[in-house]
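Each chain gets a letter, A, B and so on, in the order its sequence line appears, and its residues count up from 1.
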There are 2 protein chains.
Amino acid sequence: MSDRLDEARSRMWRLFRTTYVTVTEQIEKDLEQAGLPPLLWYSVLWALERAPDHEMRLHELAEEVFLSRSNITRLIDRLEAAVLLCRKRCPLDRRGAYAALTNEGLAMRQKMWAVYSEGIAQYFTDHLSQDEVQVLDAVFDRALTTAQKLTHQSTAQEG
Amino acid sequence: MSDRLDEARSRMWRLFRTTYVTVTEQIEKDLEQAGLPPLLWYSVLWALERAPDHEMRLHELAEEVFLSRSNITRLIDRLEAAVLLCRKRCPLDRRGAYAALTNEGLAMRQKMWAVYSEGIAQYFTDHLSQDEVQVLDAVFDRALTTAQKLTHQSTAQEG
DNA sequence: ACGATTTGATTGCATTAGCAACTAATATGT
DNA sequence: ACATATTAGTTGCTAATGCAATCAAATCGT
């Protein structure tokens, strides 16, 4: 199995990982310093903003932001308490609930994006050529597609 | 500020982030399924294995694995309880402590690497050409260097 | 040399995370 | 149609995280 992963690839993986953590951590600090909520909140707000009618079912959100069910409940609690979204009953499935973006949530996402995008640029993408961006895009797109295929495959086998 | 980050770059960032989370999460699951500890433990063991005499000061480790001081204390507690490392007094600085890798820790890292490397390959690097690996390596290396420079700069200003 | 500051590690406390158990509602299989 | 299984969401419990406070030891300034 160590044959599959040559020196260059494992080195690259290490850099990948470190870059992710470093950049993300720095952005989190910038957000906090600006008195804004963490990146996770941004992910939720952004997912809702893209969704039709600015609302999503909780389990869809959980999948979108890679969180467990129980955790999404509590996260939505906090966002609701901050009036960035509100819960709505689902008429078609009376078990279910929607999380719906509020105007405050919309405004908050924009405020966060100012800091967030600045961080992405400053700590990462400013130093990339157009060609490099292209390569990274292609690579991640491919990796994601296959990784997700494998993931669903294995979960299907389990159940 | 949105000028600095064009469509291609922000899309690429989103893919970068999602790829990292997806691949990492899948590897964590594989480790757990194999009855092995999480990736964080691996990072510690691997850092120690590379270090001279297989031992490092706690604060060095904290920096290496991006954890707060208090957290590294508790993490080392757990690893010590699992006999994968042991604390050693530092003769030069009597405040300080070393974490020193044990034989069990060495063996554990190797066992984990079998699963870990398999995951890296399967979910990510198998689908990359040599050229792509080269580009990613260069890009991350550059990003890391500048991000770390900026980070230390800002913390220096603060203090 | 000695008081003031900084640094290394640990502990207390509050927040956040995941797993498992639970409730309610829907889907399925005969 | 009715018992069974699945799915959606919430809640209880435990583990893990970060910040602030603490304690001990080293360093700095004079």
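Here D:dT10 is the nucleotide among D:dA26, C:dA17, D:dT10 with the atom lying nearest to any side-chain atom of A:Arg87. Considering only the side chain of A:Asn71, C:dG18 comes nearest among C:dG18, D:dG9, D:dT17. The side chain of A:Ser70 lies closest to D:dG12 when the candidates are C:dG8, D:dC19, D:dG12. Listed nucleotides D:dG9, C:dG8, C:dT26 differ in distance to B:Asp93; the shortest reach to its side chain belongs to C:dG8. The nucleotide whose nearest atom lies closest to any side-chain atom of B:Arg95 is, among D:dT10, C:dT7, C:dT10, C:dT7. Distance from the side chain of B:Arg74 is smallest to C:dG12 among C:dA25, C:dG12, D:dT11.
Residue contacts shown for A:Arg94 are limited to sugar-phosphate atoms, with no base heavy atom under 4.0 Å away.
Only at 4.0 angstrom or more do the heavy atoms of residues 35-48 of chain A sit from any atom of DNA chain D, so none qualifies. Within residues 51-62 of chain A, the residues that have a heavy atom under 4.0 Å from DNA chain D are, in order of number, A:Arg57, A:Leu58, A:His59.
In terms of polar N and O atoms assigned as donor or acceptor, the side chain of B:Ser68 never comes within less than 3.5 Å of the base of D:dC19 in a complementary pairing.
Comparing the helix axis at one end of the helix from C:dA1-D:dT30 to C:dT30-D:dA1 with that at the other, each defined from 5 consecutive pairs, gives an inter-axis angle of 30° (nearest 10°).
Looking at which nucleotide of DNA chain C each of B:Ile76 and B:Glu25 is closest to, the 5′-most match is held by B:Ile76.
Rounded to whole Å, the distance from CG on A:Leu31 to C1' on D:dG18 is 17 Å.
Checked for salt-bridge contact, B:Arg9 and A:Glu132 miss the test: no charged N lies under 4.0 Å from a carboxylate O.
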